[in-house]
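Comments concern the structure below.
Any value given below was found using the heavy atoms of this structure, including those in side chains, with hydrogens, waters and symmetry copies removed.
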Amino acid sequence: MDPEVKCAWCAEITTPVLKVEKKQAGVVKERRCGNCGKILAAYLDDEGDFIKGIRKFEN
């Protein structure tokens, strides 16, 4: 389960909703805001789970 994050679009604290779809480029994982539904992250499934290693900076 993903940790709660602050949405860059609506500024609400939410747990992202994971959606996996087969697209032309391959299998794509999308994480969307649980509140407004806008995309927070999208990447190819073949790339592995690198999200945990990404550093976040406060504005």
Side-chain angles (χ1 to χ4, degrees):
M1 178 180 232
D2 289 335
E4 289 186 331
V5 296
K6 183 175 179 181
C7 176
W9 303 103
C10 68
E12 295 292 324
I13 303 295
T14 183
T15 301
V17 176
L18 178 63
K19 184 177 178 182
V20 180
E21 290 187 7
K22 181 160 175 56
K23 302 217 176 187
Q24 187 177 10
V27 177
V28 175
K29 285 186 178 179
E30 288 181 353
R31 282 185 168 78
R32 292 182 173 263
C33 175
N35 185 49
C36 69
K38 293 188 178 178
I39 295 175
L40 301 174
Y43 53 91
L44 289 171
D45 188 36
D46 294 342
E47 298 297 323
D49 191 14
F50 60 88
I51 294 294
K52 295 173 185 164
I54 293 178
R55 293 173 51 191
K56 293 190 315 185
F57 298 96
E58 295 295 323
N59 290 343

Measuring from atom [atom1] of [X] to atom [atom2] of [Y], what distance do you get when rounded to the nearest 0.5 angstrom?
X     : Y     : atom1 : atom2 : value
Lys29 : Leu44 : NZ    : CG    : 11.0 Å
Lys38 : Cys7  : NZ    : SG    : 8.0 Å
Glu12 : Lys6  : CD    : NZ    : 9.0 Å

**Q.** Student check: side-chain heavy atoms of Trp9 and Ile39 closer than 4.5 Å
**A.** no
Q) Less than 4.5 Å apart, any side-chain heavy atom of Asp45 and any of Val28? A) no
Q: For Ala8 and Leu40, work out which heavy atoms get closest and say how close.
A: N-CD2, 4.3 Å
(Q) Check whether Arg32 reaches the backbone of Gly37 with its side chain - one donor and one acceptor, N or O, closer than 3.5 Å. (A) yes
Q | Backbone of Cys33 reached by a side-chain donor or acceptor of Thr14 within 3.5 Å | A | no
